Protein chains: 2
Amino acid sequence: MTQIKQQVTDDSYCNVIPLTLTTLKTACSQCNLRELCLPFGLSEEEIHKLDSLIGVRRRIKRGQGLYRSGEGFEAIYAIRSGFFKTDVLLEDGRDQVTGFQMTGEILGMDGISGETHTCNAVALEDSEVCVIPFADLEGLSRNVQTLQRHFHKVMSREIVRDHGVMMLLGTMRAEERLAAFLLNLSQRFTARGYSAAEFHLRMTREEIGSYLGLKLETVSRAFSHFQEVGYISVQQKHIHILDNHGLKKLISHQHG
Amino acid sequence: MTQIKQQVTDDSYCNVIPLTLTTLKTACSQCNLRELCLPFGLSEEEIHKLDSLIGVRRRIKRGQGLYRSGEGFEAIYAIRSGFFKTDVLLEDGRDQVTGFQMTGEILGMDGISGETHTCNAVALEDSEVCVIPFADLEGLSRNVQTLQRHFHKVMSREIVRDHGVMMLLGTMRAEERLAAFLLNLSQRFTARGYSAAEFHLRMTREEIGSYLGLKLETVSRAFSHFQEVGYISVQQKHIHILDNHGLKKLISHQHG
DNA sequence: GTCAGGCGTTGACACAGATCAAACAGCAAG
DNA sequence: CTTGCTGTTTGATCTGTGTCAACGCCTGAC
């Protein structure tokens, strides 16, 4: 099973690079994601400086990789559209989804420390990213204090997010984890102008399970149970949150 | 139980600040932790610039807090000596140890994103830290490229470390987690010139359990079992690793 | 259209680790 | 020395989630 999955990833990966490089200039100054992404808080003039830095966009088809563990690190990526997962693979076949990333979020910061990527980033739907050469970003942020500050915040936010996942994996039971996951997605969709109550999951039950430290069957059962008690309605990957408060109560409730 | 613990933390915390501020100048240039800490890779001249930035050291007694969730963020801290844990507390009383930090490591980067600390840092033994005002660090790293690069690596390393913990919590069983934990400690002690095989745990079984997503009884049983099969010998907090390879095999072994 | 294969659901059962409980070791205070 | 408290060990039992298995539903390929 793991073998097959690995193979698929390999194949799809090799096809990506030549197809997805474009010479299209990306202008942060004209991007409506400004408020979510790196340019947040920059002045018009500063954003124009940032424009010059972002050389290319890359299109990634569903199932294809953006970068991959072991690969040399050169750039971070801002998601212009689409949806990604990142995962870590151990030699013995174990793999753990470390995050799901959506529009406006930054990918690739794991690679800075060792100048090598330490996880795989895979598109869960056809996506487009802005390639931000890291050396250039460091250069510009030495001149633009606001950019420097904002980039540090983005990295720090990633650390805080990871602590949240550790809390989830370390102290929550299956249904609490799933509830936390759904509420987190809902909130992030809201921030992007989508419905908070209704959305489409881009990932499989197995990927959710891997992220939450559960087996896919457990995820499926939890979905069914949430539906039974009226918290949500589920049809395949389509989720409708009916009782936001119920889900929240589930999480904050002591289990003892 | 949780109540009591909270109380103790509160009390001890309040006493800290007036006692621990000192005006002693800390010189990175004369610090033998240079190769582990922020100054890594800097030239003599650059290190002298760093000297001017680090205003004070702070002494933290065992059990006292260095900073605490909700508190305003102003500085990060380099551990000069001692041992810390960081933990996150949920309103409902659940708490999760998010990490253990030792000499030469950097604390407080969680606070950058929201300009507020999001976890508590508590000394597990009498410790001393260098206070690095964050605004100053950003200022200097705009001028010293090596410092900027190194600081980014330190933050990124934290992200990678967190992914490792997520892998541990998401895919490993109890004994694998403890084995990974011991090997990680051993490796970090080695890097600091201490014995790889013999060391003293500064944290309780409960704190280990919280970090590893296990109950203290499970941690205790795993220790006992490791001793039975000859991987380690344990006497209270004193650990002696007898079969490093055995522990490694345990982790890389598929569980299925 | 039909067919195949991946994905999701559900059930029965097993087991790792949680929970409850008791006793002990180490250490500080008196 | 005794007392008390915190942390640790160990045992017995319980339970949430994993595992194994069967089946059904989409979706995409042809």
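By convention in this document, chain letters (A, B, ...) are assigned in the order of the sequence lines, proteins followed by strands, and residues within each chain are numbered from 1. Below, all heavy atoms of this structure are taken into account, side chains as well, without hydrogens, waters or symmetry copies. Note that the structure is a prediction, hence the values are computed from the model and not measured.
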Quick one: are the ring centres of A:Tyr194 and A:Phe199 less than 6.0 Å apart? no
Nearest-angstrom distance from the residue atom CZ of A:Arg173 to P of C:dG17: 16 Å
Tell me the interatomic distance from A:His200, atom NE2, to D:dT27, atom C1', rounded to whole angstroms. 12 Å
Measure CD/B:Glu175 against C1'/C:dA18 and give the value in whole Å, please. 16 Å
Counterpart residues, salt bridge (charged side-chain N to carboxylate O under 4.0 Å, His left out), relative to A:Glu125 (two or more places apart): A:Arg202
Should B:Arg68 and B:Glu71 count as an ion pair when the cut-off is N to O under 4.0 Å? no
Paired with A:Asp126, the salt bridge (charged side-chain N to carboxylate O under 4.0 Å, His left out) test is passed by just one of A:Arg80, A:Lys61, A:Arg58, namely A:Lys61
Tell me whether A:Glu105 is salt-bridged to A:Arg192, with the criterion being a basic N under 4.0 Å from an acidic carboxylate O. yes
I'd like to check the side-chain hydrogen bond (donor to acceptor under 3.5 Å, both in side chains) partners of B:Gln96; sequence neighbours left out, ordered by chain and number. none
Holding to salt bridge (charged side-chain N to carboxylate O under 4.0 Å, His left out), I want the full list of residues that pass it with A:Asp162, two or more places apart in sequence or in another chain. none
If the helix axis at each end comes from five base pairs, how far does the helix from C:dG1-D:dC30 to C:dG30-D:dC1 deviate from straight, to 10°? 40°
Distance in angstrom units between A:Ile208 CD1 and C:dG8 C1', rounded: 11 Å
Does a side-chain heavy-atom distance below 4.5 Å link A:His200 with A:Ile239? no
Measure from NE2 on A:His238 to P on D:dC26 and round the result to the nearest Å. 14 Å
What is the distance from CD of A:Glu207 to P of C:dG6, rounded to the nearest Å? 15 Å
Specify the separation, in whole Å, of atom CG of B:Leu214 and atom P of C:dT19. 11 Å
A:His117: partners by ring pair (Phe, Tyr, Trp, His ring centres under 6.0 Å), with sequence neighbours left out: A:Tyr67, A:Phe73
Write down the distance between NZ (A:Lys215) and P (C:dC7), rounded to a whole number of angstrom. 16 Å
Output a table of nitrogen or oxygen pairs between the protein and nucleotides 7-11 of chain D separated by less than 3.5 Å.
| unit_1 | atom_1 | unit_2 | atom_2 | d |
| --- | --- | --- | --- | --- |
| D:dT8 | OP2 | B:Arg205 | N | 2.8 |
| D:dT9 | OP1 | B:Arg205 | NH2 | 3.2 |
| D:dT9 | OP2 | B:Arg205 | NE | 2.9 |
| D:dT9 | OP2 | B:Ser220 | OG | 2.8 |
| D:dT9 | O5' | B:Ser220 | OG | 3.3 |
| D:dT10 | OP2 | B:Ser224 | OG | 2.6 |
| D:dG11 | N7 | B:Arg221 | NH1 | 2.9 |
| D:dG11 | O6 | B:Arg221 | NH2 | 3.2 |

Under 4.0 Å, heavy atoms only, any strand: does B:Gly209 hit a base, just the sugar-phosphate, or nothing? nothing
